[in-house]
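Input: one structure, supplied below.
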There are 2 protein chains.
Amino acid sequence: MGSGKTTSFDIAHKAGVSQATVSRALRDSPLVNPKTRERIKQIARELNYRVDRSAAGLRSQHSKTIALLLYEDPTTDDSQINPFFLSLLGHITRTAAAEKYDVLISFQQLSDDWLHEYQISNRADGMILLGYGNYAHMAAKLTRLSDEGARFTIFGLSTADLKGHTISGQNLEGGELATKHLVSLGRKRIIFLGDASDEHPEFKLRYEGYCKAHQEAGLPIDPSLKILSENQETAGYEAVAQLLESGLEFDALFAVTDLIAFGALKCLRKSGIKVPQEISVVGFDDLPAASYFSPSLTTIKQDTRLAAEALVKNLIGMIKGEDVQSQQLPLFLKIRGSCGGRKT
Amino acid sequence: MGSGKTTSFDIAHKAGVSQATVSRALRDSPLVNPKTRERIKQIARELNYRVDRSAAGLRSQHSKTIALLLYEDPTTDDSQINPFFLSLLGHITRTAAAEKYDVLISFQQLSDDWLHEYQISNRADGMILLGYGNYAHMAAKLTRLSDEGARFTIFGLSTADLKGHTISGQNLEGGELATKHLVSLGRKRIIFLGDASDEHPEFKLRYEGYCKAHQEAGLPIDPSLKILSENQETAGYEAVAQLLESGLEFDALFAVTDLIAFGALKCLRKSGIKVPQEISVVGFDDLPAASYFSPSLTTIKQDTRLAAEALVKNLIGMIKGEDVQSQQLPLFLKIRGSCGGRKT
DNA sequence: CTGAAAGCGCTTACAG
DNA sequence: CTGAAAGCGCTTACAG
């Protein structure tokens, strides 16, 4: 038909109906006679017609797109993305696709302008935030965004003042699970490796679980065993190197993420320390690479598929104006070789 | 002002100019008086105004978006994405952002409908394809897409009939580099592990490099050393398990990807075979996890940043109607511990 | 350098 | 169940 691109008017002309009916039929409106609908769809197929997303988006004011915003800490080099977020990525895009939403992806510094960059500009109907850097800085911003009507979900946090926006693992229980496992193997001086400050509430909860496990076992909580490490492999390596140099006695190490655990394992290997005979190591996340080390890493598994589904479904619920609930997902102890005991 | 969203008419009203002038000013048109432009931009900032992407896209027929389509082989389980593609992802989004393009991401089976799903529907101005499954099936489709005016770039291939669309590493040279390294360490019976059939032209080229290195060293090419493995960790594991069971003699192993090498290393470890003392192993890609193994994996490094930049810039060039050239990017030998010799 | 006007291709009240 | 009409918010010839 003619020279330009195929439009709904072309379909209408061929089908002998109005353009409005074509629009309704292609969107499966119940207002259209089933036979008419099938005829229209058949013609659309023959002409390789697709609804123009810009036109539909302009008219309906919905882009049917969600923006996935990955925050990278400015201190890390720009090449490496937190692999835990990467493992959410596939499930997020698949869940969104099943709900007929496109996914825009962006890795960037925190801008004050998410809301405007994506929602106000009609590029996305809502946002999924992964990573948030320093929570002390973020908390106020998230609350304000929520008040301004931003539609977003965020992974990792479980703060009460962001009802419906947050999806996280049961971090306290996870930390307890990891620590109990080490205690059950007879470990007494367990290093906690990570940043359990207010900047990282989810890591702080894991530390609280660590403390709870100690209390329940009647073990003392020694603050000198709480060692700071940023959430990077190199930071884990450095922290353990300093730890070994300090001469502090310890027989186990709970790394608050697998990434930190990877660095720790590398450093212990380099130092000739036997895992798990001398030091037991447990991580958190269950990244795919946890099985690459020898011994392979015992860790707390987060179900990234469930997390991704919750992030997407809560967000789409919000977009549709439904009431959604925040969720804390269960975590599981995945026993491999790095703690000793059962498997190797 | 008033109740609805802020539009360019609101800005125009406040600035005392026409809406057309606002549109021009915000797009930095040289047609606008610099002072007027600054005044308009200032007002836009004050009102938190953003151009509506759907409206702009409809009018201009450009979405300023590129679609990143990751093909997953239907035989793999749906949870694991090829980590090499993941390492391209960050660089692709950053390069696109620098060029003012959004990135839509989709993991999906090969549909015959890319062109229509994305380009015809005005969801994206072009596509980057990562992974293509069976090349025998894909080749004709890519040629047809190209003929139909699809704008796309694809990584991995270097076929002559897709001028400008393809970006790849110098696979032959890479295979030669890897094999020469093993030969230089005195290895004589080098397993080639991977699928070097016509289904995977880039792996076939790596095998040709393997052969070339043998010829140059005066070593015979023994076809029984060419072992099939799909590009998955588990496939690499299985292939090596069978290889060991077969009793075939070999002293080195060139895995056509790191992913296969990871499986191979796991199997050798499990079987108590010492790497590199008994068997030298070299991979291809230099995934982040290559350093997790002990010994860490010697491999051929692909520069994912350069590859991503080429994929994005060629695609945007095509979108703008420019003439673009296919590229084959240089590869580098990254020596770690798995081959013996220098480092550990 | 600026403005008035057209129109991109849809969705959705409104009327029947 | 269907159609005529309006209008979403821009960009871009066209005219001056």
Side-chain angles (χ1 to χ4, degrees), chain A residues 1-41 43-44 47-65 100 116 119-123 125, chain B residues 1-41 43-44 47-65 100 116 119-123 125:
Chain A
M1 315 255 78
S3 50
K5 66 184 277 194
T6 306
T7 71
S8 51
F9 284 93
D10 299 324
I11 313 293
H13 182 74
K14 253 212 151 176
V17 296
S18 73
Q19 180 270 339
T21 298
V22 171
S23 176
R24 290 193 190 99
L26 295 177
R27 295 158 44 72
D28 287 320
S29 161
L31 292 175
V32 178
N33 181 306
K35 282 181 188 163
T36 312
R37 187 204 308 143
E38 283 319 307
R39 190 156 45 87
I40 289 169
K41 285 193 167 183
I43 292 170
L47 297 186
N48 264 328
Y49 169 75
R50 302 287 148 149
V51 172
D52 184 303
R53 288 304 217 80
S54 294
L58 171 59
R59 178 54 234 244
S60 66
Q61 292 295 312
H62 293 295
S63 59
K64 291 284 264 180
T65 300
K100 309 281 186 201
H116 299 100
Q119 207 171 304
I120 304 282
S121 67
N122 214 6
R123 286 156 92 184
D125 297 332
Chain B
M1 315 272 87
S3 50
K5 67 184 278 192
T6 305
T7 71
S8 51
F9 284 94
D10 299 323
I11 312 293
H13 182 73
K14 255 213 151 175
V17 296
S18 73
Q19 180 269 339
T21 298
V22 171
S23 176
R24 291 193 189 99
L26 295 177
R27 294 158 44 71
D28 287 320
S29 162
L31 293 175
V32 178
N33 181 305
K35 282 180 187 162
T36 313
R37 189 204 306 145
E38 283 319 307
R39 188 156 45 87
I40 289 169
K41 284 193 169 183
I43 293 170
L47 298 185
N48 263 328
Y49 169 76
R50 302 288 148 150
V51 172
D52 184 303
R53 288 307 218 78
S54 293
L58 172 59
R59 177 55 234 246
S60 67
Q61 292 296 312
H62 293 294
S63 58
K64 290 285 263 179
T65 299
K100 308 283 186 198
H116 300 101
Q119 206 171 306
I120 304 281
S121 67
N122 214 4
R123 286 156 92 184
D125 297 332

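As the structure is a computational prediction, the values presented were derived from the model and not from experiment. Reminder, nothing fancy here: chain letters follow the sequence lines and each chain counts from 1.
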Proximal nucleotide (of C/dT12, C/dC8, D/dC1) relative to the B/R59 side chain:
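It is C/dC8.
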Separation of D/dG9 C1' from A/N122 CG (nearest whole Å)
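After rounding, the reported distance stands at 10 Å.
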Which is more 5' along DNA chain C, the nucleotide nearest B/A55 or the one nearest B/R37? Just name the residue.
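Taking each residue's closest nucleotide, the earlier one in sequence belongs to B/R37.
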Among the nucleotides D/dT2, D/dC10, D/dG9, which one has an atom lying closest to any side-chain atom of A/N33?
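Comparing D/dT2, D/dC10, D/dG9 against the side chain of A/N33, the answer is D/dT2.
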Gap between atoms CG and C1', on B/L47 and D/dG9 respectively (whole Å):
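In whole Å, D/dG9 C1' and B/L47 CG are 16 Å from each other.
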Is A/T36 touching bases, backbone alone, or none of the nucleic acid, heavy atoms closer than 4.0 Å?
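Counting heavy atoms under 4.0 Å across all strands, the contact made by A/T36 is with sugar-phosphate only.
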Using a cut-off of strictly less than 4.0 Å, decide whether A/S18 has a side-chain nitrogen or oxygen near OP1 or OP2 of D/dT2.
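So the side chain of A/S18 is outside the cut-off, no N or O lying under 4.0 Å from OP1 or OP2 of D/dT2.
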Identified pairing partner of C/dA13, criterion: Watson-Crick or G-U wobble below 3.5 Å:
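Paired with C/dA13, as far as the under-3.5 Å criterion goes, is no nucleotide at all.
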Using whole Å, what does the distance between atom P of nucleotide D/dA6 and atom CD of A/Q19 come to?
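Roughly 14 Å, once rounded to whole Å.
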Non-hydrogen atoms of B/I40 and B/A25 that approach each other most closely:
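Closest heavy-atom pair between B/I40 and B/A25: CD1-CB, 3.7 Å.
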Give none if C/dA4 has no partner; otherwise give the nucleotide forming a Watson-Crick or G-U wobble pair with it, both distances under 3.5 Å.
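Partner of C/dA4: none found under 3.5 Å.
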Over all heavy atoms of both residues, which pair between A/T21 and A/V32 is shortest? Give the atoms and the distance, please.
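Shortest heavy-atom separation between A/T21 and A/V32 comes out as O-CG2, 4.2 Å.
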For B/F9 and C/dA6, what is the distance between atoms CZ and P respectively, to the nearest whole Å?
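Roughly 13 Å, once rounded to whole Å.
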Whole-Å distance separating the CG atom of A/D52 from the P atom of D/dC8:
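Interatomic distance, CG of A/D52 to P of D/dC8: 18 Å.
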Starting at atom CZ of B/R27, determine the distance to atom P of D/dG9, rounded to an integer number of angstrom.
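That distance rounds to 18 Å.
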May I ask you to verify if any side-chain N or O of A/S8 is less than 4.0 angstrom from the OP1 or OP2 atom of C/dG9?
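No, no such contact exists.
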So does B/R53 get a backbone contact from the side chain of A/N122, meaning a donor-acceptor N/O pair under 3.5 Å?
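Absent.
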Taking every non-hydrogen atom, the tightest pair across B/K5 and B/D52
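Taking every non-hydrogen atom into account, NZ-OD2, 2.9 Å.
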Under 4.0 Å, heavy atoms only, any strand: does A/S23 hit a base, just the sugar-phosphate, or nothing?
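Counting heavy atoms under 4.0 Å across all strands, the contact made by A/S23 includes a base.
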Identify the two heavy atoms, one from A/A55 and one from B/L58, that lie closest to each other, and give their separation to 0.1 Å.
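Minimum heavy-atom contact is CB-CD1, 3.6 Å.
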Can you tell me how far P of D/dC1 sits from CD1 of A/I40, to the nearest Å?
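Spelled out: CD1 on A/I40 to P on D/dC1 is 13 Å.
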So B/A56, base contact, sugar-phosphate only, or nothing? Heavy-atom distance under 4.0 Å.
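The answer is sugar-phosphate, as B/A56 gets under 4.0 Å only of primed atoms, P, OP1 or OP2.
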Mapping B/Q61 and B/A20 onto DNA chain C by nearest heavy atom, which one lands closer to the 5' end?
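Looking at DNA chain C, the more 5' nearest nucleotide goes with B/A20.
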Applying a 4.0 Å non-hydrogen cut-off, can you work out what A/R53 is touching in the nucleic acid: base, sugar-phosphate, or nothing?
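Answer is nothing: A/R53 stays at 4.0 Å or more from every strand.
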Minimum heavy-atom separation for B/S121 to A/R50, with atom names?
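Nearest pair, atom of B/S121 first, then A/R50: CB-CB, 3.7 Å.
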Base of D/dG3 paired with side chain of A/R24 (donor-acceptor, under 3.5 Å)
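Such a pair exists between side chain and base.
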Whole Å only: how far is the NZ atom of A/K64 from the P atom of C/dC10?
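After rounding, the reported distance stands at 17 Å.
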